[in-house]
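This report refers to the structure that appears directly beneath it.
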Amino acid sequence: MMNDSSNFIKTIMKNELENGTVDHILTRFPPEPNAYLHIGHARAIITNFELAKCFQGATNLRFDDTNPSKEDTEYVEAIKKDIEWLGYTPKTINYGSNYFDATYEKAVLLIQKGLAFVDDLSQEELAMYRGSINEPGKPSPYRNRSIAENLKLFEEMKSGKYGSGEKTLRAKIDMASPNINMRDPVIYRIMHVHHHQTKDKWCIYPMYDFAHPLQDAFEGITHSLCSIEFEDHRPLYEWVIEHCEVEAKPRQIEWGRLGITHMIMSKRYLKQLVDEKIVTGYDDPRMPTLVGLRRRGFTPDAIRNFILSTGLSKINSTVDYGMLEHFLREDLKLKTTRPMAILDPLKVVITNYPEGQIEYVDVPNNMENDSLGTHQMAFGRELYIEREDFLEEKPNKHWKRLSKGIEVRLMHAYFIKCNDVIKDDEGNIIEIHCTYDPLTKSGSGFNERKPNGNIHYVEKTTALPATFQLFEPLLLDEKAQTENFRERINPTSWKNQEGFVEAYLKDTQPEDKYQFIRNGYYTTDKLSKGDKLVFNRTVGLKSSFTTEHGK
RNA sequence: AGGGUUAUCGCCAAGUGGUAAGGCAACGGGUUCUGACCCCGUCAUUCGUAGGUUCGAAUCCUACUAACCCUGCCA
């Protein structure tokens, strides 16, 4: 459900329902099947569906396929899957091209009413006649053709008598309008192109500005939501509704675009990233596409809560990426199991633990959610801990991890105390020697003394090697959205890190999600050969430790 | 001869004449077998600017300023 915070569109709908302007709500999501959906589309989807749901209404999915030269069924299928993944079911799934006959009839009607004419102007000439922002346009010399001639010519356009681009059908509105969209806009063009749905039936295709309001009307859409840059098109939208003698009177409402820091949403740049193989595809976890975000570990609920929380206004806004992360953390918090992982291993030898012996400790899958059960985790003489969890000398009182002479708890296992530090010739710490206290086993109720902290670990012989793909920072910086786009991309900001995860994860499946100790969230990605697991780090640490912590 | 839209905390955002909600981020403190989570506290005398109307204005009026969109046979 839409959250409690109201938004202006919800208010409009509520008012119209109350004063009888409409008696139900039917929205639509109208993607053009020429690209993969990204988080920006998710907002349109979520808003349309949730808004309709607020008033017991429904939402149609309609592929806006009026320009076959750019579109493909590959995208149709991908879009359907994404919407389903987000958890929405359209009332109907349709294609704009299903209405081509009806749309054609409306064009003929316009001609009969003297409101449309066939134009012979070339594309360049048309641009010149259109005028500019600062000067009015001039009427086409073909503007005053008779209705009979227009009817005949339009019929000939349809039957394929003319080549692509040779003629257009234009609405006859106002060449002097300060709104350029009203200067006799082209409503049909000739394109001898195969259409992925209608095949070769048509060689003329309606323009968006003509087709869209009609399709909305044909489907009985009550509210046609779109982004703010279409505001200038609304008078044309209304003109079409007014003059085409349609039953329904859909209303176009615009909202501001949503940007997210560090994410590129432009179709063109996304395509460039894929084409130039900077990413592995539209489903690369670095991409802002829904398929990409899915592999990055995002859940539909996280995305929905994020979208709903950012609200809706007419402002083009840019939300901080941290907000998206927040909603993922919140969503995953109680849903995921929380195993241990070591990204940067430091070997630990428990000198008073018998060689070759392994014992298992019970570990809750999620300390905050008992229903997720428990699993067993190995403990033995040789372990790995995170390198950053150890400093030879305790730097200050804020240090809550392991140091020489200091005792910490290995989570869900024992207290260990560091006695010796082994270094290589260059002085790098290569392993540390500790002793454990058998009395301190987790769950034993031991309460004699407090450890200096709790750190995570994996047992060396049972741990599974894993590769972590880290985003540090995100690949796409907002600064990259400039002309030197290509140069500013930083492909190295994705880095692989070899590490270990506990053996419990050996049965992991793609798309499984985990929260690891230290609050990094990961999702498994494609599993590679052998035992090696691949994880995408989806959300960074909420706050990372530095020795200056606490100052 | 220009038209359209927007302007409330670092980022989103409520508010529609009755005296500035909320979320994210940040910062203090507490708690914790995750420095996470959680809990407590702090964070706009002020709503782009300048005037005006009013007992009272973020809300109404006037003028200005800034930002974004519009000159595809794309959507």
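Residue numbers begin at 1 in each chain, while the letters A, B, ... track the order of the sequences.
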- Message: If you go through the side-chain atoms of A:R183, does one of them form a donor-acceptor pair with the base of B:rA1 closer than 3.5 Å?
- Response: yes
- Task: Before giving the answer on side chain to side chain contact (heavy atoms under 4.5 Å, CB included), spell out for A:E407 and A:L402 the whole-Å C-alpha distance, their side-chain angles and the decisive distance to 0.1 Å.
- Result: CA-CA 7 Å; A:E407 193 175 46; A:L402 190 59; over 6 Å; no
- Query: In terms of ring plane angle, is the pair A:F535 and A:Y522 parallel, tilted or perpendicular, where the classes change at 30° and 60°?
  - Reply: perpendicular
- A:S317 vs B:rA13: side-chain N/O to OP1/OP2 distance below 4.0 Å: yes
- Item | 5' priority, RNA chain B, between A:F516 and A:Q123 [closest heavy atom] | A:F516
- Is A:R145 atom CZ crowded by more than 12 heavy atoms from other residues, nucleotides or ligands, each under 6.0 Å away? yes
- Message: The side chain of A:P178 is closest to which nucleotide in this list: B:rG23, B:rU71, B:rA1?
- Response: B:rA1
- Query: So, is A:R130 near the phosphate of B:rC73, with a side-chain N or O under 4.0 Å from OP1 or OP2?
  - Reply: yes
- Task: Rounded to whole angstrom, note down the C1' distance from B:rA7 over to B:rA44.
- Result: 16 Å
- Item | Proximity to the side chain of A:W399 - top-ranked nucleotide from B:rG72, B:rG35, B:rA75 | B:rG35
- Query: RNA chain B: A:N179 or A:V186, which has the more 5' nearest nucleotide?
  - Reply: A:N179
- Is the distance from OP1 or OP2 of B:rA75 to the nearest side-chain N or O of A:R189 less than 4.0 Å? yes
- Does the base of B:rG4 carry an N or O that pairs as donor and acceptor with the side chain of A:R234 under 3.5 Å? no
- Checking B:rA25, B:rA14, B:rC68 against the side chain of A:S313 (C-beta onward), the nearest is B:rA14
- With C1' as the reference atom in both, quote the distance from B:rU46 to B:rA21 in angstrom, rounded to an integer. 15 Å
- Query: Hey, is the side chain of A:H412 poking within less than 4.0 Å of OP1 or OP2 on B:rC33, counting only N and O atoms?
  - Reply: no
- Distance in angstrom units between A:Y237 OH and B:rC70 P, rounded: 21 Å
- Is there a side-chain polar atom (N or O) of A:K333 under 4.0 Å from OP1 or OP2 of B:rC38? yes
- Query: Rounded to the Å, how far apart are A:I315 CD1 and B:rC68 P?
  - Reply: 15 Å
- Would you indicate whether A:R449, at its atom CZ, is surrounded by more than 12 heavy atoms from other residues, nucleotides or ligands within a distance under 6.0 Å? yes
- B:rA75 phosphate, OP1 or OP2: any side-chain N/O from A:T66 under 4.0 angstrom? yes
- Under the side-chain hydrogen bond (donor to acceptor under 3.5 Å, both in side chains) test, residues paired with A:N134 that sit two or more places apart: none
